[in-house]
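A short write-up of the structure that comes next.
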Amino acid sequence: MLDIKLIRSNPDAVKAGMKKRNKNMDALVDEILEIDAKRREISSKSDTMKAEQNAASKQIPQMKKEGKSTDELMARMKELSDEVKECAAQLTDLEARQQEIIYSIPNVPHESVPAGADDSQNQEMRHFGDATKFEFEPQAHWDIGAKLGLFDPETAGKVTGARFHFYKGLGARLERSVINYFLNTHTSRGYTEILPPFLANTASMTGTGQLPKFAEDMYKVEGEDLYLIPTAEVPVTNMHRDEILTGADLPRKYCAYSACFRGEAGSAGRDTRGLIRQHQFNKVELVKFADPETSYQELEALTRDAEFVLQGLGLPYRVVTLCAGDLGFSSAKTYDIEVWMPSYGRYVEISSCSNFEDFQARRGAIRYKNDVKDKARLVHTLNGSGVAVGRTVAAILENYQNADGSVTIPEALRPYMGVDVIK
RNA sequence: GGAGAGAUGUCCGAGCGGUUUAAGGAGCUGGUCUUGAAAACCAGUGACUCGCAAGAGCCGUGGGUUCGAAUCCCACUCUCUCCGCCA
């Protein structure tokens, strides 16, 4: 969420930021300003009355001790008490409305984010390798997988439903190898490995911005305050919720494998075949808690760290800067890494690396101080896929397929796979 | 799942509905003493939120009773012990 003080002191910048996102939120911003002014007025009035109550509360026992009558004062106190309660009720309403609005306002895009309405206006920053060329007619990964017996969506349809997969044999092993390769690579480069719970509560979902706006996208456990996580970002970022970190420890760098669960995945009717769009998929996530001064350097480094594992696999990819209109709700700036997918004839998102600045940290009260005497400041949170596992497996199958239908295993994965070729 | 106990500041820990603006200790900071340190002694010391400020709020969380709640009532969460079940 945005800082109410920022909205108060510079509403035009917030409005402009929303317009850059292709959203006009002028009316909401104006409403929140109005509510905020009213809230502060009532709060101030209430505090003055409470001060009088506090003073009287000290007098009463004194007067009783001296045998004086407190009836008159009591009557006045009763009056005050009622007024304070009235103010409290009004404040509750105003705060609820203010919170509702502020939770619905997305982050202000960083100045370096290009303007643009949708993904067609994202800007390519760089690329690695080139679109894979074949001497034969390449197959889609779902056909390769079916022929080699690597996974089995039909059985998943029976057991669970559409958009789930059973991985089998070397298919399962390939998925697991990719996870291990990612984790080993990141941990050897300074990230601390986390294996988080795959469910999180309302407070955590709110902390990272999934709630309250995107409740319908998630799987909720019936009768419990628990949701299946859509990404490891949720549990890992919330590890430090309501904490004050030591400045010298920043940046804190974590990598985490988790299964990810997304209810929205099937809604569009897109990518119905294969591993690209599933209700459950595997992902290794990178999460950083950074000093605000250096968070954009950390974003560059995090993106490079995600790219590093794709380079290690020899998969062609490109990096794009999302334009403001394509930016996620909580993000101030995002780089997408897109891997070359022959069956699509285009690049497909495999990682999304974002700096949320203090947007999540404010919601979750994640702060730091360099010295005990300092005032606690909000950290900047960042995360990025490092990277999506299912899509990586799909990209490997497609980019490394051979004319005879076999698939060569990238060098880096062979120690994990124990075979050089799947045939 | 059942039974019991508990949750207070950085930590331990006291707290009868009203000078609690949370006792006392530890720790931390400064000082005295000392060649230096330890010990002893003296002094100081929560963090956070809102507010321009005065001030208000904060004793697990959320409600309630009351002129007044850390203290009483209700609900919830979490922790510990024991029992049951269990990978």
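Please read all numbers here as calculations on a predicted model, not as lab measurements. Below, chain A is the first sequence line, B the second, and so on; all start at residue 1.
- To the nearest whole angstrom, the two P atoms, one in rU79(B) and one in rA26(B), are 32 Å apart.
- Within 4.0 Å of Lys45(A), counting heavy atoms only, lies no atom of the nucleic acid at all.
- On the C1' atoms, rC58(B) is 38 Å away from rA40(B), given to the nearest whole Å.
- For rC78(B), the paired nucleotide is rG6(B), the pair qualifying as Watson-Crick or G-U wobble because both relevant distances are below 3.5 Å.
- By the 4.0 Å N-to-carboxylate-O rule, Asp82(A) lies too far from Lys85(A) to be salt-bridged with it.
- Taking the centre of each ring, His141(A) and Tyr400(A) stay at or above the 6.0 Å mark.
- Considering only side-chain N and O atoms, Lys369(A) lies under 4.0 angstrom from the phosphate OP1 or OP2 of rC48(B).
- Nucleic acid contact class of Ser81(A) (heavy atoms, under 4.0 Å, all strands): sugar-phosphate only.
- Across all strands, Arg377(A) comes closer than 4.0 Å to no nucleic acid atom at all (heavy-atom distances).
- Between Lys5(A) and the phosphate of rG51(B), there is a side-chain N or O to OP1/OP2 separation shorter than 4.0 Å.
- Look at the P atom in both rG27(B) and rA39(B): the space between them is 8 Å, to the nearest Å.
- Side chain of Ser188(A) to backbone of Thr185(A): a donor-acceptor contact under 3.5 angstrom is found.
- Here Arg76(A) lies out of heavy-atom contact (under 4.0 Å) with every strand.
- Distances from the side chain of Lys375(A) to the nucleotides rU49(B), rC48(B), rG55(B) place rU49(B) closest.
- Across all strands shown, rU65(B) forms no Watson-Crick or G-U wobble pair with both distances under 3.5 Å.
- In this structure, the CG atom of Asn201(A) is 16 Å from the C1' atom of rG62(B), given to the nearest Å.
- Between Leu299(A) atom CG and Thr294(A) atom OG1 the span is 11.5 Å, to the nearest 0.5 Å.
- Asp225(A) comes within contact range of no nucleotide atom at all, as no heavy-atom separation falls under 4.0 Å.
- The partner of rA22(B) cannot be assigned: no Watson-Crick or G-U wobble pair with both contacts below 3.5 Å exists in any strand.
- For the pair Asn54(A) CG and rA69(B) C1', the computed distance is 12 Å after rounding to whole Å.
- Map Ala56(A) and Met77(A) each onto its nearest nucleotide of RNA chain B; the residue landing nearer the 5' end is Ala56(A).
- Across the protein-nucleic acid pair, Arg8(A) atom CZ and rC52(B) atom P stand 6 Å apart, rounded to whole Å.
- Nucleotides rU61(B) and rC78(B) place their C1' atoms 10 Å apart, quoted to the nearest Å.
- Shortest non-hydrogen contact noted between Gly386(A) and Val309(A) is O-CG2, 4.1 Å.
- Taking atom C1' on both rG60(B) and rG9(B), the two are 14 Å apart, rounded to the nearest angstrom.
- rG1(B) and rC83(B) make up a base pair, with Watson-Crick or G-U wobble contacts both under 3.5 Å.
- Rounded to whole Å, the C1' atom of rU77(B) lies 38 Å from the corresponding atom of rU29(B).
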**Asked** Going through the checks in order, is the side chain to side chain contact (heavy atoms under 4.5 Å, CB included) test met by Val108(A) and Met18(A)?
**Response** CA-CA 7 Å; Val108(A) 174; Met18(A) 297 307 111; 4.0 Å; yes
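- In this structure, the CG atom of Asp82(A) is 11 Å from the C1' atom of rU66(B), given to the nearest Å.
- rU34(B) is unpaired under the criterion used here, namely a Watson-Crick or G-U wobble arrangement in which both key atom distances are under 3.5 Å.
- Base pairing annotation: rA43(B) forms a Watson-Crick or G-U wobble pair with rU29(B), both donor-acceptor distances under 3.5 Å.
- Across the interface with RNA chain B, nearest-nucleotide mapping of Thr92(A) and Lys85(A) shows Thr92(A) to be the residue nearer the 5′ end.
- Taking the C1' atom of each, rC82(B) and rC48(B) are spaced 38 Å apart, rounded to whole Å.
- Residue Gln53(A) places its side chain closer to rG68(B) than to any other of rG68(B), rA54(B), rG18(B).
- When each of rA53(B), rC48(B), rG51(B) is scored by its nearest atom to the side-chain atoms of Ser44(A), the top-ranked nucleotide is rA53(B).
- Which of rG55(B), rU21(B), rG68(B) sits closest to the side chain of Asp47(A) comes down to rG55(B).
- Here the P atom of nucleotide rU77(B) and the CG atom of Asp242(A) are 19 Å apart, to the nearest Å.
- Relative to the side chain of Met74(A), the nucleotides rC50(B), rA54(B), rC67(B) differ in distance, and rC67(B) lies closest.
- No side-chain donor from either of Glu193(A) and Tyr254(A) sits under 3.5 Å from a side-chain acceptor of the other.
- Considering only side-chain atoms of Arg40(A), the nucleotide from rC48(B), rG51(B), rU21(B) that sits closest is rG51(B).
- Comparing rG62(B) with rU8(B), their P atoms sit 16 Å apart, to the nearest whole Å.
- Comparing rG51(B), rG57(B), rC48(B) by their nearest atom to the side chain of Ile244(A) picks out rC48(B).
- The OH-C1' distance, from Tyr368(A) to rA47(B), rounds to 18 Å in whole Å.
- In this structure rC50(B) sits in a base pair with rG55(B), meeting the Watson-Crick or G-U test at under 3.5 Å.
- With rounding to whole Å, Ile7(A) atom CD1 is found 14 Å from rC50(B) atom P.
- When each of rC48(B), rC67(B), rG57(B) is scored by its nearest atom to the side-chain atoms of Lys50(A), the top-ranked nucleotide is rG57(B).
- The side chain of Ala376(A) has rC48(B) as its nearest neighbour among rC48(B), rG51(B), rG68(B).
- Remark: side-chain polar atoms of Ser104(A) are paired, donor with acceptor, to backbone N or O of Ile101(A) under 3.5 angstrom.
- Ionic pairing of Glu83(A) and Lys45(A) is not present here: no N-O contact between side-chain nitrogen and carboxylate oxygen is shorter than 4.0 angstrom.
- One can place CD of Glu224(A) at 9 Å from P of rU77(B), the figure rounded to the nearest angstrom.
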